[in-house]
Amino acid sequence: MARAYDVVSIERKWQEYWASHGTYEVDAGDPRPPWYVLTMYPYPSGPAHMGHVRNYTFGDLLVRHRTMLGHAVLSPFGFDSFGLPAENAAIRTGTHPREFTDARIAELKASITSLGAVYDWRREIRSHDPEYIRWNQVIFQRFLAAGLAYRANAPVNWCPGCQTVLANEQVLADGTCERSGDLVEKRDLEQWFLRITDYADELLAGLGELDWPERVKTMQRNWIGRSEGAEFDLPVEGRDGSDGRPALALRVFTTRPDTAFGMTYAVVAPEHPLVDELTTPDHRAEVDELRERAARSSEIERTSEGGGLAKRGAATGSRVVNPFTGAAIPVYVADYVLMGYGTGAIMAVPAEDTRDWDFAQAHGLPVVRTVQPPEGWDEHGGPDGGPGGAWTGDGTKINSAWLDGLDIPTAKARATDWLEEQGVGTRMVNYRLRDWLISRQRYWGCPIPVVTCPDHGIVPVPEDQLPVLAPDDVEFLPTGESPLAAHPTFRHATCPVCGGPAERETDTMDTFVDSSWYFLRFCDPWTPDAPFDPDTVRHWMPVDQYIGGIEHAILHLLYARFFTKALADVGLAPADLREPFARLFTQGMIRMDGTKMSKSKGNLVAPSRYLDTVGADALRLFHLFVGPPADDVDWTDQTDQVIEGCGRFLDRVWRLAVGDADDRRGAGQAGRADGSAAPDAEAARAVRRAIHRLIDRVSGDYERWSYNTAVAACMEFVNLLQPFARDGGDPEVVAEAVDTLLLLLAPMTPHLAAEAWERRHGDHVHERRWPVADPALVVQEQVTMVVQVAGKVRDRLEVAVDISEDEAIAAALASDKVQAALAGATPARVISRPPRLVNLVP
RNA sequence: GCCCGGGUGGCGGAAUGGCAGACGCGAUGGACUCAAAAUCCAUUGUCCGAAAGGGCGUGCGGGUUCGAGUCCCGCCCCGGGCACCA
């Protein structure tokens, strides 16, 4: 497509100008009010893809807009540069991950720059940089000292494809690895954890004050999964101690203590430590078989095998006593109870829990209702009008002695009070959230800076010896072993306490650790003796606008919130900084043929092919124009044409602003199509009003992230302005119109705006202030008033904006079309909303 | 199963309860041109009609209202998240 101006050289010129003049470099001492805009730092996978373009277009627009509004805008950039792809490439090609990663970073940086996105590059962070590693390790050790980091043996998620353990958050609901798609296995391994569960309540409560998409907040709430209930003991029958008190009891957790009178059996998880003790010799074989099967099978096998959970349970032969009734009930082992949640044991109430109901049906266990189901439930309340099963809804308590007649919330409170009075139980809050497993058996990550001494146990490497860096002379082999573990010397260390031989930790940290505090480092990446200076962090933080993909709704955003709180609590960050991201925006993804556009799907459209044809400005404009920013974008056969349409619009702006020097057969040539007279003063006044309405609209649309309508408003304006200018409209008005347009476009299409502005004024549009609409000119003089008869539009009248109600009704009645529609009838009712509408109802 | 989004022309999408379809893409016709490209002008929801004009129309069925794409109730479909968490 031939463009009206030399897109490539103009775009390059301004990209070089912004970089060499440090236009978007700011410091904490800047007198302007601070504003921090941040786009999630990317994993460097090579040249930018379309998703990046979309991301950085929004971010860059904000940086430029906020700057024009008079803020000192902090706009840093960095790279989440540790991670598996680099290591896998090393195994494949022998290239060292650092070499591989640095090359990818150079490519990504160049392509981001070629979009016209501007950053304070002095602040660039790379997570594999030794300085960054050092502070990562310092933070880890502060957490270790504060008890927030610990090592424990745990059944963990092992991904055979990635050859490493994963965090719970990285395992998808179907039991596969979010990265490789392999089926994740359970393994018992000694691993490092961060105590994120200490912050579960604060992480939940803090969501309330955040200006984040509701759906992201909901996802985090679900993930944290707080449930209130009670824990209490079920004494095992026949296991009284010498003092007559129970020597062995089974502790259960429930959110429904009110249903305890309906407990007809109890269940323990196959991994529960009391299983052996509870199992009587005659049930041993069955229980052992069940346990073995549970250990072998993966989570999905456990959950997907047909028939729900009816099967896979075995009686232990033991009985426990329900403290509410004194009745003894059987104890089962079943894998529908998970060891990792609550106490790993439950009281089963089939009448009010669907899982317990199914299990009870399969094993012939009794059902005692403790909540009155709605009428007819037992006859036809179930699926397909059959008999109802468990009733989990509201109702009145029945069969529950002293709880009878109460509603559920009251009964819950009474039952819990009773447990506490009796000394057999206590209020308890449980979370679905588990501690964060951060160790990875990989090379290309931040080493965990500890050694293990035979005499002194786990000892942190002293701070003055940090960073602990992984050696370069390792062999990358597809063995599944971390190259660090196989290195001849790396693991041999000396104990910092006694100087004796010690074993160095060879695991590295999850890369989500790196991304959990980089936004703090960005505030002050130069401080030599701390990860960041708390006062400088206080100046910039929290991030005023964070931008990223919805895929990070849980993982990164939850970890970063946890880190911010924990860093404040160990004294590294300001104590009052509890939330890192005040406002979050999650943009839609790019889809093609119904699936996400991504490298792994092989359906990438390279942005580069647009940059040297229609240019970065047109591509940016397309992303802004195509639809609401939060929506997904479908990349189709028509997309190129829409992008060209954006280029056409920019050509029109160029011709209006600069003229037709390069294309003499352009706009001016066709001349006035209808041969009408030149626009008069009234037309000029209309254009002036349009200018101020445009400022008003675009400013409002920017605030609301409604960029597609902002672009539409600019296009509409050009459609109005173009004939006015061509037909000899007042040059002063044209100039005001064009200048305003360039100011409003400056954040969206920065190169075109900068070049056209420079040619017109000799200075820099991005250093100008954002225009302010004159309220007197924003209101229109004449508006279209709709006249309806019985709710149907019958006429449209041009009326003064300040028309009175009486005048409006009179004008409506004076209309021939209205009279025809009324057909002689007198309006029985008149609704008038001057100057918009009059509705005559006969 | 539960919790969120969302269904508007051929397509992407606009519409504080008050003109449905802004803006753009595509399509059709025209001007300019030897011709094309580019540019400019016009038309473009649908049905009836030569036209003037009129009927219908925002997934489906009800409701509230002078007036509903918008609010309420009940469904259908699509997308996403969660899913033995006791």
Side-chain angles (χ1 to χ4, degrees), chain A residues 1-4 173 213-216 218-219 221-223 225 227 229 252-256 259 267 299 302-303 308-309 334-338 340-349 353-356 358-359 383 430-434 550 553-554 591 594 622 625-628 630-634 636-646 648-649 651-652 655 660 663 665-674 706 708-716 719 722-723 726 784-793 795-796 817 820 827-833 836-841:
Chain A
M1 175 186 178
R3 293 289 306 273
E214 207 46 53
R215 129 180 118 120
V216 175
T218 305
M219 284 163 76
R221 279 190 197 104
N222 290 342
W223 189 262
S227 31
V252 295
F253 171 73
T254 180
T255 56
R256 292 293 302 274
T259 63
V267 187
E299 199 112 330
R302 273 167 73 156
T303 57
L309 40 102
D335 63 11
Y336 80 93
V337 172
L338 309 174
Y341 187 78
T343 61
I346 61 157
M347 66 169 198
V349 185
D353 183 285
T354 53
R355 299 153 299 182
D356 296 346
D358 291 347
F359 190 83
N430 259 305
Y431 297 93
R432 217 187 72 113
L433 182 71
R434 306 296 149 80
I550 188 72
I554 298 174
R591 284 188 316 202
F622 163 78
F625 180 60
V626 68
D631 288 6
D632 289 347
V633 176
D634 273 310
T636 70
D637 298 345
Q638 278 201 22
T639 300
D640 278 6
Q641 291 164 330
V642 178
I643 295 171
E644 289 196 0
C646 290
R648 261 198 300 274
F649 166 72
D651 285 343
R652 281 198 274 270
R655 291 193 200 99
D660 282 334
D663 181 9
R665 291 161 299 170
Q669 170 235 32
R672 222 165 301 154
D674 54 5
S706 184
N708 53 329
T709 53
V711 175
C714 292
M715 289 174 167
E716 221 175 316
N719 290 343
Q722 199 168 247
R726 179 191 58 210
T784 305
M785 184 177 79
V786 171
V787 185
Q788 298 179 335
V789 176
K792 282 182 186 293
V793 179
D795 203 2
R796 300 184 171 96
K817 290 175 183 170
R829 192 164 169 195
V830 178
I831 292 105
S832 105
R833 298 279 180 278
R836 303 243 80 95
L837 168 132
V838 171
N839 187 7
L840 307 168
V841 186

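The structure displayed is predicted, hence computed values, not measured ones. Only this structure's heavy atoms are used, side chains among them; waters, hydrogens and symmetry mates stay out. Throughout, protein chains are lettered first and strands after them, A, B, ... in sequence-line order, and every chain is numbered starting at 1.
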Checklist line | Complement of B/U65, any strand, by Watson-Crick or G-U distances under 3.5 angstrom | finding: none

Next item on the list: Using the C1' atom as the reference point in each nucleotide, state the distance between B/G45 and B/G21 in Å, no decimals.
Entry: 8 Å

Notebook entry, point to check: B/U39 C1' sits how many Å from A/Phe649 CZ, rounded?
Noted result: 17 Å

Notebook entry, point to check: Does CZ in A/Arg215 sit with more than 12 non-hydrogen atoms of other residues, nucleotides or ligands closer than 6.0 Å?
Noted result: no

Next item on the list: Starting at atom CZ of A/Phe622, determine the distance to atom P of B/G24, rounded to an integer number of angstrom.
Entry: 16 Å

Note to self: Once you apply a heavy-atom cut-off of 4.0 Å, does A/Thr784 come out as touching a base, just sugar-phosphate, or nothing?
What the structure shows: base

Check: What's the spacing between A/Thr709 OG1 and A/Phe625 CZ if we round to 0.5 Å?
Finding: 10.0 Å

Next item on the list: Look at the side chain of A/Val337 and decide which nucleotide, out of B/A86, B/G55, B/G13, has an atom nearest to it.
Entry: B/A86

Check: Is any side-chain N or O of A/Lys817 closer than 4.0 Å to OP1 or OP2 of B/A52?
Finding: no

Notebook entry, point to check: Do any side-chain nitrogens or oxygens of A/Ser227 fall under 4.0 Å of OP1 or OP2 in B/A86?
Noted result: yes

Checklist line | Nearest-nucleotide comparison on RNA chain B, the residue closer to the 5′ end among A/Gln641 and A/Gly340 | finding: A/Gln641

Check: If you measure from the C1' atom in B/C78 to the same atom in B/C23, how many Å do you get, rounded?
Finding: 26 Å

Next item on the list: Could you let me know what B/U46 is paired to, Watson-Crick or G-U wobble, both distances under 3.5 Å, or none if it's on its own?
Entry: B/G55

Notebook entry, point to check: Is B/C60 paired to anything, Watson-Crick or G-U wobble with both distances less than 3.5 Å, and if yes, which nucleotide?
Noted result: B/G74

Check: Say you pick atom C1' in B/G61 and the same atom in B/C66; how far apart are they, in whole Å?
Finding: 24 Å

Checklist line | A/Ile554 CD1 - B/A83 C1' separation (whole Å) | finding: 13 Å

Notebook entry, point to check: For A/Met715 and B/G13, what is the distance between atoms CE and P respectively, to the nearest whole Å?
Noted result: 15 Å

Note to self: Taking atom CZ as the centre, does A/Arg836 end up with more than 12 heavy-atom neighbours from other residues, nucleotides or ligands that are less than 6.0 angstrom away?
What the structure shows: no

Next item on the list: Report the distance from atom CZ of A/Arg648 to atom C1' of B/G26, rounded to the nearest whole Å.
Entry: 10 Å

Item checked: Nearest-neighbour nucleotide for the A/Asn839 side chain, B/A14, B/C66, B/A86 considered -> B/C66

Margin query: To the nearest 0.5 Å, what is the distance between CG on A/Asn430 and OG1 on A/Thr255?
Written below: 10.0 Å

Notebook entry, point to check: Of the candidate nucleotides B/G13, B/A86, B/C66, which contains the atom at the shortest distance from the side chain of A/Asn708?
Noted result: B/G13

Notebook entry, point to check: So what's B/G10 paired with, Watson-Crick or G-U wobble, going by both distances under 3.5 Å?
Noted result: B/C25

Next item on the list: With a 3.5 angstrom cut-off on both distances, give the Watson-Crick or G-U wobble partner of B/G1, or none if there isn't one.
Entry: B/C82

Notebook entry, point to check: Choosing from B/C19, B/G26, B/C40, which nucleotide comes nearest the side chain of A/Val793?
Noted result: B/C19

Notebook entry, point to check: Is the distance from OP1 or OP2 of B/C40 to the nearest side-chain N or O of A/Gln722 less than 4.0 Å?
Noted result: yes

Check: Of the nucleotides B/C23, B/A86, B/G81, which one has an atom closest to the side chain of A/Thr255?
Finding: B/A86

Check: Taking atom P in both B/G55 and B/A20, what distance in whole Å separates the two?
Finding: 12 Å

Next item on the list: Take the protein atom CZ of A/Arg833 and the nucleotide atom C1' of B/U16, then report the distance between them rounded to whole Å.
Entry: 14 Å

Next item on the list: When you get a sec, tell me which of B/A22, B/C3, B/C19 is the closest nucleotide to the side chain of A/Thr218?
Entry: B/C3

Notebook entry, point to check: Has the side chain of A/Asn839 got a donor or acceptor atom that lies under 3.5 Å from a matching backbone atom of A/Gly791?
Noted result: yes

Item checked: Interatomic distance, A/Asp631 CG vs B/C4 C1' [rounded to whole Å] -> 15 Å

Notebook entry, point to check: Does the side chain of A/Arg215 get closer than 4.0 angstrom to OP1 or OP2 of B/C82 through an N or O atom?
Noted result: no

Margin query: Measuring from atom CZ of A/Arg221 to atom CD of A/Glu214, what distance do you get when rounded to the nearest 0.5 angstrom?
Written below: 5.5 Å

Note to self: If I pick the C1' atom on B/U58 and the same atom on B/G7, what distance separates them, to the nearest angstrom?
What the structure shows: 9 Å

Next item on the list: Could you work out the separation of B/G1 and B/G24 based on their P atoms and round it to a whole Å?
Entry: 45 Å

Margin query: How long is the straight-line distance from CZ of A/Arg256 back to CD1 of A/Ile346, given to the nearest 0.5 Å?
Written below: 13.5 Å

What's touching nucleotides 8-12 of chain B from the protein side, N or O pairs under 3.5 Å?
unit_1: B/G10; atom_1: N2; unit_2: A/Gln638; atom_2: NE2; d: 3.2
unit_1: B/G12; atom_1: O2'; unit_2: A/Val626; atom_2: O; d: 2.8

Next item on the list: Counting heavy atoms from C-beta on, name the nucleotide in B/C19, B/C40, B/A86 closest to the side chain of A/Arg652.
Entry: B/C40

Item checked: Nearest-nucleotide pick for A/Thr709, side chain only, options being B/G26, B/A14, B/G18 -> B/A14

Next item on the list: Between B/U44 and B/G53, how far apart are the P atoms? Round to whole Å, please.
Entry: 14 Å

Item checked: Inter-nucleotide P distance (B/U46, B/G57), Å rounded -> 16 Å

Notebook entry, point to check: To the nearest 0.5 Å, how far apart are CG in A/Asp358 and CG in A/Asp356?
Noted result: 9.0 Å

Item checked: Side chain of A/Asn719 - closest among B/A86, B/G24, B/G13 -> B/G24

Next item on the list: Supply the atom-to-atom distance A/Met785 CE to A/Ser832 OG, rounded to the nearest 0.5 angstrom.
Entry: 8.0 Å

Next item on the list: Could you let me know what B/A20 is paired to, Watson-Crick or G-U wobble, both distances under 3.5 Å, or none if it's on its own?
Entry: none

Notebook entry, point to check: Roughly how many Å is it from CZ in A/Arg829 to P in B/G67, rounded to a whole number?
Noted result: 8 Å

Checklist line | Residue met sooner reading RNA chain B from 5', once A/Glu214 and A/Val786 are mapped to nucleotides | finding: A/Glu214

